[in-house]
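Worksheet: the structure to be examined is printed underneath.
All values below were derived from every heavy atom in this structure, side-chain atoms included, with hydrogens, water molecules and symmetry-related copies excluded.
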Amino acid sequence: QVQLVESGGGSVQTGGSLRLSCAASGYTYSGACMGWFRQAPGKEREGVVGIDRYDTTRYADSVKGRFTISRDYAKNTLYLQMNNLQPDDPAMYSCAAEAKSYCSTSLEVGAFGDWGQGTQVTVSS
């Protein structure tokens, strides 16, 4: 079965950095679209960044220039490097995947069929 397991969340001060990881199993990265989403208390889940099988990316305006998505094919792991974290960034961050061959990069929840449990990110100060 497809499994996605996030890690790397934690608490940092404003302006700090974190790198989130998403270990995947059960499918091939080369044929998948993936993405990171976040949900803060009282808000709907929103797309942070998406990436397709050609490594084309799409970032939410709120994180452009600060967050970077990458993949390690050897480790079958997706990463989200988050720099210059701000008070509006705290949320539960989840990775998602869609294995359909015709998938394309997306920031929409409905475009992804598999989800991880999420990892919490907190920003202080």
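G47 and A60 get closest at one heavy-atom pair: O-CB, 3.5 Å.
At distances below 3.5 Å, not a single donor-acceptor pair connects side-chain atoms of Q39 with backbone N or O atoms of A91. Side-chain atoms of S70 do not come within 3.5 Å of backbone N or O of L78 as any donor-acceptor pair. In this structure, the side chain of N76 engages the main chain of A24 through a donor-acceptor pair within 3.5 Å. Checking side-chain atoms of E98 against main-chain N and O of G113 turns up a donor-acceptor pair under 3.5 Å. Looking at R66, its side chain never comes within 3.5 Å of a backbone N or O of M82 through a donor-acceptor pair.
Here the CZ-CZ distance, from F37 to R45, works out to 8.0 Å after rounding to the nearest 0.5 Å. Going from atom CG of D55 over to atom CE of M34 covers 12.0 Å, rounded to the nearest 0.5 Å.
Surrounding CD of Q86 are more than 12 heavy atoms belonging to other residues, nucleotides or ligands, all under 6.0 Å away.
Using a 4.5 Å heavy-atom threshold, the side chains of F112 and L4 count as separate. Looking at L80 and Y93, their side chains come closer than 4.5 Å, going by heavy atoms from C-beta outward.
Between D52 and R58, none of the side-chain N atoms (NZ, or NE/NH1/NH2) sits under 4.0 Å from a carboxylate O, so this pair counts as no salt bridge.
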### Message
Would D72 and T77 count as a side-chain hydrogen bond (donor to acceptor under 3.5 Å, both in side chains) here? Give the steps.
### Response
CA-CA 5 Å; D72 186 327; T77 301; over 6 Å; no

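At a threshold of 4.5 Å between side-chain heavy atoms, the hydrophobic network of Ile, Leu, Val, Met, Phe, Trp and Tyr places V63 and V12 in one connected group.
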